[in-house]
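To start, the structure itself, in structure tokens.
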4 protein chains.
Amino acid sequence: MAVSTGERVRRAAVKLFATKGFHGTGIRDLAQAAKLSSASLYHYMGTKEELLAGIMRDCLRRLLDDATDAVDGVADPVERIRRLVTLHVTAHARQPNETRVVDDHIDVLSPRLRREVVQLRDAYERLWSDTIEAGRKEGVFDTGQPAVTRIAVLDMCNGVARWYSPRGALTLRQVADHHVELTLRALGVHTPARCGLANS
Amino acid sequence: MAVSTGERVRRAAVKLFATKGFHGTGIRDLAQAAKLSSASLYHYMGTKEELLAGIMRDCLRRLLDDATDAVDGVADPVERIRRLVTLHVTAHARQPNETRVVDDHIDVLSPRLRREVVQLRDAYERLWSDTIEAGRKEGVFDTGQPAVTRIAVLDMCNGVARWYSPRGALTLRQVADHHVELTLRALGVHTPARCGLANS
Amino acid sequence: MAVSTGERVRRAAVKLFATKGFHGTGIRDLAQAAKLSSASLYHYMGTKEELLAGIMRDCLRRLLDDATDAVDGVADPVERIRRLVTLHVTAHARQPNETRVVDDHIDVLSPRLRREVVQLRDAYERLWSDTIEAGRKEGVFDTGQPAVTRIAVLDMCNGVARWYSPRGALTLRQVADHHVELTLRALGVHTPARCGLANS
Amino acid sequence: MAVSTGERVRRAAVKLFATKGFHGTGIRDLAQAAKLSSASLYHYMGTKEELLAGIMRDCLRRLLDDATDAVDGVADPVERIRRLVTLHVTAHARQPNETRVVDDHIDVLSPRLRREVVQLRDAYERLWSDTIEAGRKEGVFDTGQPAVTRIAVLDMCNGVARWYSPRGALTLRQVADHHVELTLRALGVHTPARCGLANS
DNA sequence: GATGAATGAGCATTCATTCAT
DNA sequence: AATGAATGAATGCTCATTCAT
């Protein structure tokens, strides 16, 4: 199935921004990767910065929507966190470039464009903090520094985008499960099969 | 106590590279921050890239040396990992800019300059993997994916450089201890005071 | 008749390189002479050095082609040398800048770009040495050092580019004829009207 | 025997100006070649341009003095030209760098510094034109364009600096003699041993 | 006599962007 | 929809030169 030119531009941008960084990517690099002249590029984007902001916005919106759906109606904090981690890790493994662009470029945006992106990111992180807080209140999570733990867990899961390969030794399922496990341990959840005993 | 001009250049570079990125930092930004003309800058550095590589090399060398000292003669894997985490977190909290430069810019370096930096980083990470492996062999660590866990723990600890403030709610001691705790949990170490019970 | 912008750039370069030298000509000088911004210049050239190499290559190629045509089918060494000198002097008188650029800048080129230029120059000079050699074999040229004589004659003819003016006392015809005469004398050809007697 | 620092500077400059050109030679190149810091260089020279002018001036002065001595008291135009050519070729073969600097850099000098150099050069060339004129008046030289011939002969002899090597096939004596021969032929002098007959 | 430090001006080249076609 | 042409501003870096030590 053919891909529209605008989509080709966006994909080129995602790949280049992720690997070379926003400032390390020139408009000519983008044009070449999108097989367009640099002038034509401007039919499909505003400025280079708006292109970046658009990518970040869409990626975060999708993540937020998916996460909202995933935990919708789920009350159990353990199950909620399980789903959040799985979704987060899956997204980072499947779209490593998009997620790396999102995770690494917030400071690059000028205030005007940053606002919306930050709002989306905060809304997304609130899903996590709310869940962690709920688990603490219910006594199923045991962590002295919930905010720090949340950041730590997210950083840990973000890292997947930098090393996971579908051709690697681990399946995506295994990686996701492992991070669920790590997260539950970080949150002090007593996973019975594991209390101090066998290797997985 | 006076600071040498060369040191001033390096400090300016550390701050700017950390906050704006290598490609986002111009030679004129550096000059202004170091209170020098851009021409004078070149008395104290080679190229901009060599300046970056020098910063990364020194920071990693210090970290590697300190870590080597810290675990020297310590046999117990739990104690070793405790020290590694404490040192790592402390470095990231005290020199957030240096460590962010190191953590974010390896891909920026050209092959020639990257080599040495990668060697240092690998030597440092080997301290971690060796320790984790030893703990697994002794049966005190319980993790199905030691390599993934190592990366996860390092990413988690690296994050400290992005949010810790000496003027924040937590002392450096508390942050370090918390990350030791998180790490031990990730490694499946049964910390008695915590097996499923009280908040810290 | 209008001149294309690319041609304007090339002409400006020829004039400036000839009069101020390659290193003495800045990109801004070129831009000003070509009535373009220095950035626009780069739509019409690669690097400054490639511009130079292109000029040299084209000039030499034309000279080589013209000389090849001029002596094509001509067997008599005296007539051949007559034509080579006439063509060479004419080219140096009519395009003094191009030829000066060619004659003065071979050492400026980096190896990559020098190769082709040197090949063309050598092919051109081979026309001369082959002709001189043939004349010697036939006994019509009398010179003890044919290689040195060839260089001497070429240097002598090259000089025309530095002083000839269409508004000067001598016509191009006269200058060419005079150099033919000088060359034949250098080659020891006995021009009857002249064996030691009258002024021309 | 030791060479003074000032002399070392001058020699470095001669070599570099000759091979890379004035504009192609940086002050740092000079300093490196003279084994001095670039600041120290300025103890031994004025500006870079004055260094160039000094070299040209001295070289021309020596040439002029030597040539004046060489023809002093010699009346016969043939003998005079013989001596001028021998001296000129010898100088160009023995000091190829100095003479190339002189021959190639007159246009580089600013008016102030150019004046004296041009005067010396003109005085030197007057020795040649006076001699040629005298020969013509006496009927021993036969050339229709004495001025053009003078330039041609000088260009021809200058070329020696670009190819002569003491390790080459020809001795300096042979090269000088050959150029004397070429010059006499150009001036239409009937050298008996040669009138149309054997190879040398 | 020698140099490290310093710099304003300049270098060739690339930047992101616009616009007429 | 697409691009060649164009540019002001900026890029990293080097220039020749000065001066305090």
Side-chain angles (χ1 to χ4, degrees), chain A residues 4-6 8-9 13 22-31 34-52, chain B residues 4-6 8-9 13 22-31 34-52, chain C residues 4-6 8-9 13 22-31 34-52, chain D residues 4-6 8-9 13 22-31 34-52:
Chain A
S4 78
T5 309
R8 228 171 54 230
V9 169
F22 177 75
H23 289 304
T25 301
I27 226 74
R28 284 157 185 77
D29 298 324
L30 278 172
K35 285 171 187 156
L36 238 50
S37 75
S38 63
S40 299
L41 223 52
Y42 284 84
H43 278 278
Y44 301 96
M45 52 178 248
T47 64
K48 194 177 95 163
E49 198 197 352
E50 284 163 357
L51 175 60
L52 169 66
Chain B
S4 78
T5 310
R8 229 171 54 229
V9 168
F22 178 75
H23 288 303
T25 302
I27 227 69
R28 284 158 184 79
D29 298 326
L30 277 172
K35 283 169 188 160
L36 237 51
S37 73
S38 64
S40 298
L41 223 49
Y42 284 84
H43 277 279
Y44 300 96
M45 53 179 248
T47 63
K48 196 177 84 156
E49 199 197 351
E50 284 164 357
L51 175 60
L52 170 65
Chain C
S4 78
T5 310
R8 230 171 52 229
V9 168
F22 178 76
H23 289 305
T25 301
I27 226 72
R28 285 156 186 79
D29 299 325
L30 276 172
K35 285 170 186 157
L36 238 50
S37 73
S38 63
S40 299
L41 223 50
Y42 285 84
H43 277 280
Y44 301 96
M45 52 177 247
T47 63
K48 195 176 85 156
E49 198 197 351
E50 285 164 356
L51 175 60
L52 170 65
Chain D
S4 78
T5 309
R8 229 171 54 230
V9 168
F22 178 75
H23 288 304
T25 301
I27 224 74
R28 283 157 187 75
D29 299 323
L30 278 172
K35 284 168 186 159
L36 238 51
S37 75
S38 62
S40 299
L41 223 51
Y42 284 84
H43 277 277
Y44 301 96
M45 52 178 247
T47 64
K48 194 176 93 161
E49 199 197 350
E50 285 163 357
L51 175 60
L52 169 65

Calculate the interatomic distance between D/L30 atom CG and F/dC15 atom P; express it in whole Å. 11 Å
Would you tell me if any nitrogen or oxygen in the side chain of C/S40 comes within less than 4.0 Å of OP1 or OP2 on F/dT7? yes
Mind checking whether D/F22 and D/K48 have side chains closer than 4.5 Å, heavy atoms only? yes
Candidate nucleotides F/dT3, F/dG12, E/dA12, ranked by approach to the side chain of B/Y42 - the nearest: F/dG12
Heavy-atom side-chain contact between C/R8 and C/L36 under 4.5 Å: yes
Note, B/M45 side chain near B/I27 side chain (heavy atom, < 4.5 Å): yes
Base, sugar-phosphate or nothing for B/S4? Non-hydrogen atoms, less than 4.0 Å. nothing
CZ (C/R28) and OG (C/S37) are apart, to the nearest 0.5 Å, by 11.0 Å
Find the distance D/L36:CG to E/dG4:P and express it as a whole number of Å. 11 Å
To the nearest angstrom, the CD-P distance between C/E50 and E/dA12 comes to 15 Å
When you get a sec, tell me which of E/dC19, F/dT11, E/dA6 is the closest nucleotide to the side chain of A/A39? E/dC19
Of the listed nucleotides E/dT17, F/dT7, F/dT17, the one nearest the side chain of A/T47: E/dT17
Integer-rounded Å distance: E/dC19 C1' and A/L41 CG: 16 Å
Between E/dA12, E/dA16, F/dT11, which nucleotide gets closest to the side-chain atoms of B/R28? F/dT11
Map C/K35 and B/G26 onto DNA chain F by nearest heavy atom, then report which one ends up closer to the 5' terminus. C/K35
Rounded to whole Å, please give me the gap between NZ in B/K48 and C1' in F/dC13. 12 Å
Report the distance from atom NE2 of C/H23 to atom C1' of F/dT14, rounded to the nearest whole Å. 14 Å
Expressed in angstrom and rounded to an integer, what is the separation of C/E49 atom CD from E/dA12 atom P? 13 Å
Nearest to the side chain of D/Y44, which nucleotide is it out of E/dT17, E/dA2, E/dC15? E/dA2
State which of F/dA2, E/dA6, E/dT3 makes the closest approach to the side chain of B/H43. E/dA6
Pair partner, F/dA2 [Watson-Crick or wobble, under 3.5 Å]: E/dT21
Can you tell me how far apart OG1 (A/T25) and NE2 (B/H23) are? Round to the nearest 0.5 Å. 8.0 Å
Among E/dT17, F/dA2, F/dC19, the one nearest any side-chain atom of A/I27 is E/dT17
